[in-house]
Amino acid sequence: MNFEQARFNMIEQQIRPWDVLDPSVLALLAVVKREDFVPAAYRNVAFTDVELPLANGQKMLPPRVEARWMQELQIERHEKVLEIGTGSGYMAALLGHKAQQVFSVEKDAALGGAARDALRRNGVLNVTVVEGDGVKGLPGEAPFDVILLSGSVPQAPQALLDQLKIGGRMGVIVGDEPAMSARIITRTGEREFTTKNLFETVVQRLDGFDTGSHFTF
């Protein structure tokens, strides 16, 4: 299979039509090898516009959603990022290319180990994969400039919003099937937040986020 042609087609036929036009994001998608992060059985379909299956019933975000997050979050080189739901490690790799430091929390030990190996093989050295419960975030490393939830949740979790710096932002997909909304929530004060709605989509629920304490935005 010609992976470079497939990658080009993904960018031109899926990513650009979804209003991802930031040249730095498009260049990044051309460089980070998505096929190196998917399970071996799915390498030939690594660039299709679907949630690809991972181990233990988990799924990757579709490429167009990953690309929109990278564009909308506008991550800068000096920033520290927290990702909830490492999955394959591909989103963490994209984040690592933009940020100074990334912590990615994965509940499934097998997925976390595979993602750690893939990141190392691809030379992404500023991402730390932490095995644990993403519902709690990483309070010991807080505050963060950016928090991204790589899956959906019923509502924006207050415990994670509290780990944002003032001026920091969270990328989160909230709601229930068949209608979910991708949003960026920016912390503007100790208890003040603003919300920007981005697009409608449906993605897999993050493990462990159907219960617990939440705050709705």
- Message: If we check side-chain contact (heavy atoms from CB on, under 4.5 Å) with Leu206, which of these qualifies: Leu149, Ile173, Val172?
- Response: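 Single side-chain contact (heavy atoms from CB on, under 4.5 Å) partner of Leu206 among Leu149, Ile173, Val172: Leu149.
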Can you tell me how far the [atom1] atom of [X] sits from the [atom2] atom of [Y], to the nearest 0.5 Å?
{"X": "Arg183", "Y": "Glu72", "atom1": "CZ", "atom2": "CD", "answer": "14.5 Å"}
{"X": "Gln5", "Y": "Met10", "atom1": "CD", "atom2": "CE", "answer": "12.5 Å"}
{"X": "Met91", "Y": "Ser150", "atom1": "CE", "atom2": "OG", "answer": "5.5 Å"}

- Take Ile84 and Phe209 through the side-chain contact (heavy atoms from CB on, under 4.5 Å) test and state the conclusion after the steps. CA-CA 11 Å; Ile84 305 298; Phe209 278 84; 3.8 Å; yes
Restricting to side-chain contact (heavy atoms from CB on, under 4.5 Å), what partner residues turn up for [X], sequence neighbours left out?
{"X": "Asp207", "value": "Lys107"}
{"X": "Gln13", "value": "Asn9"}
{"X": "Lys136", "value": "Asp133"}
{"X": "Glu12", "value": "Phe8, Arg16"}

How would you list, by chain and number, every residue that makes a salt bridge (Lys or Arg N to Asp or Glu O under 4.0 Å) with [X], sequence neighbours excluded?
{"X": "Asp22", "answer": "none"}
{"X": "Asp176", "answer": "Arg205"}
{"X": "Glu4", "answer": "Arg7, Lys33"}
{"X": "Glu106", "answer": "none"}

- Query: Above 12 or not: heavy atoms from other molecules or residues under 6.0 Å from CZ of Arg77?
  - Reply: yes
- Task: Using the side-chain hydrogen bond (donor to acceptor under 3.5 Å, both in side chains) rule, collect all pairs that involve residues 120-129, keeping only residues at least two apart or in two chains.
- Result: Asp117-Arg120
- Query: Between Gln71 and Val25, is there a donor-acceptor pair closer than 3.5 Å when you use the side chain of the first and the backbone of the second?
  - Reply: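 Not a single qualifying donor-acceptor pair exists.
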Could you go through residues 94-103 and list every donor-acceptor pair under 3.5 Å that involves a side-chain atom there, pairing it with any protein atom two or more places apart or in another chain?
unit_1, atom_1, unit_2, atom_2, d
Lys98, NZ, Ser24, OG, 2.7

- Message: I want to check something: taking the side chain as every heavy atom from C-beta on, are Ile166 and Thr188 in contact at a cut-off of under 4.5 Å?
- Response: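 Not touching, per the 4.5 Å side-chain cut-off.
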- Which residue pairs pass the salt bridge (Lys or Arg N to Asp or Glu O under 4.0 Å) test with at least one member in residues 144-158, sequence neighbours excluded? Asp145-Lys165
- Message: Taking ring-ring contact (aromatic ring centres under 6.0 Å, His included) as the cut-off, I'd like each qualifying pair that reaches into residues 26-67, sequence neighbours left out, listed once.
- Response: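 Sorted result for residues 26-67: Phe37-Tyr90.
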